[in-house]
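Structure first, commentary second.
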Amino acid sequence: MVQAAGMAPPRWYFGLLSPEARGKIAFGLVLSQPSVVQVQLAADPETGSSSEQVGLPAKLINGGIAGLIGVTCVFPIDLAKTRLQNQQNGQRMYSSLSDCLIKTIRSEGYFGMYRGAAVNLTLVTPEKAIKLAANDFFRHHLSKDGKKLTLLREMLAGCGAGTCQVIVTTPMEMLKIQLQDAGRIAAQKKLMAAQAQLSSSPAAAAEPAVETRPTATQITRELLRSKGIAGLYKGLGATLLRDVPFSIVYFPLFANLNKLGQKDPNVKAPFYVSFLSGCVAGSTAAVAVNPCDVIKTRLQSLQRGVNEDTYSGILDCTKKIWQREGPTAFFKGAYCRALVIAPLFGIAQVVYFVGIAEFLLDLLPKHRA
């Protein structure tokens with residue numbers, strides 16, 4: 001022990017820990033550990049025992065900062081994923097991730113790649129707060145016997161947190177998808193208008209329509225006015241089908257990959273092994289649940305391109321995609337999801353390693369000596 005029993009270490013103490021110990025804490029954001037982040041050299045991102053602790057405020061601040069930085073860095077890839085998933089056979093505007101980003105920059109400018117980012121930047125912190133608090137609650141009640149949580153109970157805690165998280169995730173995804181896909185639909189309409197103009201006489205050609213793109217506030221008001229609060233939660237079932245299985249796949253896969261780096265059963269795996277295990281497990285889980293993500297994206301899209309299908313529910317969407325686009329359509333944008341998940345782990349590692357929240361909290365008068 002580095003401190004007397006019952007005495008909390010000063011905030012700056014966190015900065016004196018070894019890089020390996022500091023790095024372990026980064027998994028608190030992605031693995032949704034309980035409200036007290038474990039800070040010991042042998043800390044396992046899946047366990048709940050340690051000697052040094054960092055409180056929930058620091059964890060939430062670091063989680064929020066990591067989320068904000070992560071959204072900023074990988075949002076263009078997420079936009080490409082949404083557009084690739086939404087385009088249907090016969091109406092393809094983009095052939096790949098790079099093709100989508102290049103065409104987006106050409107038609108909408110550089111900031112066109114960040115359409116809908118404001119929604120994520122606004123809601124990412126409360127989303128993490130709910131997930132962390134919920135996971136803390138479930139872990140507390142699943143470990144009443146005082147024993148170390150089993151892998152199954154870790155999975156149950158993660159699934160419970162994921163279920164609570166959709167309170168924020170569903171409306172956030174709902175608004176984000178409308179803004180992200182607006183550029184694709186607009187580009188498709190321009191292409192159709194150009195083709196119609198070429199096939200008809202100049203006199204018969206209609207004047208091009210003025211392009212109008214609604215804001216997140218306008219979409220929210222319209223949904224609340226026409227459908228009430230339920231309008232913002234369209235696709236809730238599909239969101240659950242994506243997020244809960246993600247936790248079920250991720251946690252056991254990470255645990256087993258992490259064990260491969262242990263030279264001795266009593267010694268925890270090195271930091272880099274845990275980091276790589278998290279990236280591989282996260283990317284694998286993201287690809288595994290991609291069919292659910294495709295269905296969710298299609299169901300939450302309010303606007304459709306020319307001659308594109310509409311869906312009445314999860315089963316109807318699944319059936320139409322299978323029959324008209326084939327099974328490979330369920331993995332549209334899968335590599336984009338993998339490319340989004342992996343960097344988030346690295347960003348979370350850096351934020352927790354630097355200890356931004358600890359530095360900020362140490363500046364507050366009540367934390368000064």
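Of the N and O atoms on the side chains of T215 and T217, not one donor lies less than 3.5 Å from an acceptor on the other residue.
D181 places no side-chain N or O within donor-acceptor distance of the main-chain N or O of N86, the cut-off being under 3.5 Å. Here the side chain of Y94 pairs no donor or acceptor atom with the backbone of I102 at under 3.5 angstrom. Although no hydrogens or angles enter the test, the distance criterion places a donor-acceptor pair under 3.5 Å between the side chain of R337 and the main chain of A286. A donor-acceptor contact shorter than 3.5 Å links the side chain of Q85 to the backbone of K332.
Heavy atoms from other residues, nucleotides or ligands lying under 6.0 Å from CD of E222 number more than 12. Other residues, nucleotides and ligands contribute at most 12 non-hydrogen atoms within 6.0 Å of the CG atom of L315.
The CG atom of L84 sits 8.5 Å away from the CG atom of D99 when rounded to the nearest 0.5 Å. Atom CD1 of I314 and atom SG of C292 lie 8.5 Å apart (nearest 0.5 Å). Put simply, CG on L223 and OH on Y233 are 12.5 Å apart, with the number rounded to the nearest 0.5 Å. Separating the OG1 atom in T310 from the CZ atom in R298 is a distance of 11.5 Å, to the nearest 0.5 Å. C336 SG to L101 CG: the interatomic distance, rounded to the nearest 0.5 Å, is 8.0 Å. The line from OG1 of T163 to CD1 of I130 is 12.5 Å long, rounded to the nearest 0.5 Å.
Contact detail for T170 and Q300: the closest heavy-atom pair is O-NE2, 3.6 Å. Annotation for V166 and P171: closest pair O-CD, 4.0 Å, computed over non-hydrogen atoms. The minimum heavy-atom distance between P214 and L179, with the atom names listed, is O-CD2, 3.3 Å. For the pair I341 and G282, the tightest heavy-atom approach, listed with the atom from each and the gap, is CG2-C, 3.5 Å. Closest non-hydrogen pair, S301 versus K234, comes out as O-NZ, 4.5 Å. Between R115 and G112, the shortest heavy-atom contact is CG-O, 3.2 Å.
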Name every donor-acceptor pair, under 3.5 Å, that has one atom in a side chain of residues 235-246 and the other anywhere in the protein, sequence neighbours excluded.
unit_1, atom_1, unit_2, atom_2, d
T239, OG1, G235, O, 2.8
R242, NH1, D293, OD1, 2.9

Show the numbers, then the answer: is there a side-chain contact (heavy atoms from CB on, under 4.5 Å) between E127 and I167? CA-CA 8 Å; E127 178 194 33; I167 296 173; over 6 Å; no
Taking it one step at a time, do Q180 and D78 satisfy side-chain contact (heavy atoms from CB on, under 4.5 Å)? CA-CA 9 Å; Q180 285 182 329; D78 188 67; 3.0 Å; yes
Between F330 and I321, is the side-chain contact (heavy atoms from CB on, under 4.5 Å) condition met? List the steps. CA-CA 8 Å; F330 289 105; I321 292 176; 3.7 Å; yes
Test side-chain contact (heavy atoms from CB on, under 4.5 Å) applied to L97 and L339, step by step: CA-CA 11 Å; L97 167 63; L339 290 175; 3.8 Å; yes
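Hydrophobic clustering (side-chain heavy atoms under 4.5 Å, transitive across Ile, Leu, Val, Met, Phe, Trp, Tyr) groups M172 together with L302. Tracing side-chain contacts under 4.5 Å through hydrophobic residues (I, L, V, M, F, W, Y), one never reaches L260 starting from V249; they form parts of separate clusters. Neither V294 nor I177 shares a network with the other; the hydrophobic side chains, linked directly or stepwise wherever heavy atoms of I, L, V, M, F, W or Y lie under 4.5 Å apart, form separate groups for each. Hydrophobic clustering, with ILVMFWY side chains joined whenever heavy atoms are under 4.5 angstrom apart, keeps V287 apart from V289. Under the 4.5 Å side-chain heavy-atom criterion for ILVMFWY residues, a single connected hydrophobic cluster contains both W322 and F331.
Note: Y114 and F75 have parallel aromatic rings, judged against thresholds of 30 and 60 degrees for the angle between ring planes.
Look at R324 and E308 and you find no salt bridge, because none of the NZ, NE, NH1 or NH2 atoms lies under 4.0 Å from a carboxylate O. Salt bridge annotation for E108-R83: present, with a cationic side-chain nitrogen under 4.0 angstrom from a carboxylate oxygen. Salt-bridge check for R304 with D309: failed, with every basic side-chain N at 4.0 Å or more from each acidic carboxylate O. A salt bridge does not link D316 to K319: none of the charged side-chain nitrogens sits closer than 4.0 Å to a carboxylate oxygen.
L175 places a side-chain heavy atom less than 4.5 Å from the side chain of L232.
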